[in-house]
2 protein chains.
Amino acid sequence: MSVYTPAEVVEETGFTLDTLRYYEKIGLLEPVSRNAAGQRRFTEEDVGWLGTIRCLRDTGMPIAEMLRFADLVRQGDHTIADRIKLLEEHDGRVRDQIANLTERQRYIHDKISYYRRVV
Amino acid sequence: MSVYTPAEVVEETGFTLDTLRYYEKIGLLEPVSRNAAGQRRFTEEDVGWLGTIRCLRDTGMPIAEMLRFADLVRQGDHTIADRIKLLEEHDGRVRDQIANLTERQRYIHDKISYYRRVV
DNA sequence: ATCGCACCTGGAGCCGACTCCAGGTCAACC
DNA sequence: GGTTGACCTGGAGTCGGCTCCAGGTGCGAT
């Protein structure tokens, strides 16, 4: 099972090293294992979890809620129903965001056409 | 020509009074006219501009860029080409946001289906 | 006339999410 | 054996965008 150096994880996930350390510090990431020199060596699983974090973060989930999700994951399989609920609620908000953006986009297009007409 | 009290503008635009004052302070809003007692009386035009602000803000435009746009508007008609450019660039970012959200949404759906299958 | 209320000001404070820094360790290459 | 470079730590600082506060004014209703 392969491990990843900090630099590799930065490359792979797009998070900065500082952000990774920050996520570990606040408990969004489990304590990352270390080599003899005390340097982080991320597992495949860490990287996968960071992929999830990236997705949730990029869809606007606040860190506090990601922490709740992380907590559910840690508690084991009996929390899966709760995880589904959390993700479905989040999905609803993502849907709303998309609808809202699409709506606002029309206004922007109208504004642009208006400007085009007066130019 | 009708004017609006702060409370009416709050109602109409969804911004808080503090936010309206803040926007005026930083120059995103022109100095708002006052009645004899020094209280704000917003014009139709102010409210219209706030509608534009709302749209740009809700689509993720940073205040610094809204200030640039406000500045172009103040400079008069010869900046219309620049305004179109600014709005088109912003439109591109909105498009990207929607695409990104839609993409991430698939991941969330997949995650939910996965959880549904293991429950 | 006095109460409540909507409003005013300048300035401080807050929150989320990082981001940066100083000073240190270790491994490897020249 | 000296230098480079990737990494480490704890803690402070930054940034965007508000949000709150204390203390004050003026107006309409009881």
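Please read all numbers here as calculations on a predicted model, not as lab measurements. Below, chains carry the letters A, B, ... as their sequence lines are ordered, and counting in each starts from 1.
B/Asn35 has its CG atom 15 Å from the P atom of C/dA6, to the nearest Å. One can place CG of A/Leu20 at 14 Å from P of C/dC20, the figure rounded to the nearest angstrom. The interatomic distance linking B/Leu67 (CG) with D/dC18 (P) rounds to 12 Å, in whole Å. To the nearest angstrom, P of D/dG26 lies 14 Å from CZ of B/Arg41. Note: CG (B/Leu29) to C1' (D/dC18) measures 15 Å, nearest angstrom. At whole-Å resolution of the value, CG in B/Leu17 and C1' in D/dC21 are 14 Å apart.
Partners of B/Arg95 under the side chain to side chain donor-acceptor pair (under 3.5 Å) rule, at least two apart in sequence or in another chain, are B/Asp91. Residues passing the side chain to side chain contact (heavy atoms under 4.5 Å, CB included) test with A/Thr79, sequence neighbours excluded: A/Leu72, A/Gln75, A/Arg83. Evaluation of the side chain to side chain contact (heavy atoms under 4.5 Å, CB included) rule for A/Ala36 yields no partner, not counting sequence neighbours. Annotation: side chain to side chain donor-acceptor pair (under 3.5 Å) contacts of B/Arg74 (sequence neighbours excluded): B/Glu30. Remark: B/Tyr4 pairs with B/Glu44 by the side chain to side chain donor-acceptor pair (under 3.5 Å) rule, at least two apart or across chains. Under the side chain to side chain donor-acceptor pair (under 3.5 Å) criterion, B/Asn100 pairs with B/Arg104, not counting sequence neighbours. Applying the side chain to side chain contact (heavy atoms under 4.5 Å, CB included) test to A/Glu88 and every residue at least two apart in sequence or in another chain returns A/Ile84, B/Ile112, B/Arg116. Looking at residues two or more places apart in sequence or on another chain, you find a side chain to side chain contact (heavy atoms under 4.5 Å, CB included) between A/Phe15 and A/Thr13, A/Thr19, A/Leu20, A/Tyr23, A/Leu50, A/Ile53, A/Arg54, A/Arg57.
Salt bridge present: B/Arg34 and B/Glu24 bring a charged side-chain N and a carboxylate O closer than 4.0 Å.
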B/S/- along nucleotides 9-19 of chain C (protein heavy atoms under 4.0 Å) is B-B-----BBB
In 5'-to-3' order, the base (B), backbone-only (S) or no-contact (-) status of each nucleotide in nucleotides 24-30 of chain C, using a 4.0 angstrom heavy-atom cut-off, is -------
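Within the structure, no pair that satisfies the salt bridge (charged side-chain N to carboxylate O under 4.0 Å, His left out) test touches residues 8-17 of chain A, not counting sequence neighbours.
Residues of residues 90-99 of chain A that place a heavy atom closer than 4.0 Å to DNA chain C do not occur.
Heavy-atom minimum distance, B/Ala70 versus B/Trp49: CB-CZ2, 3.5 Å.
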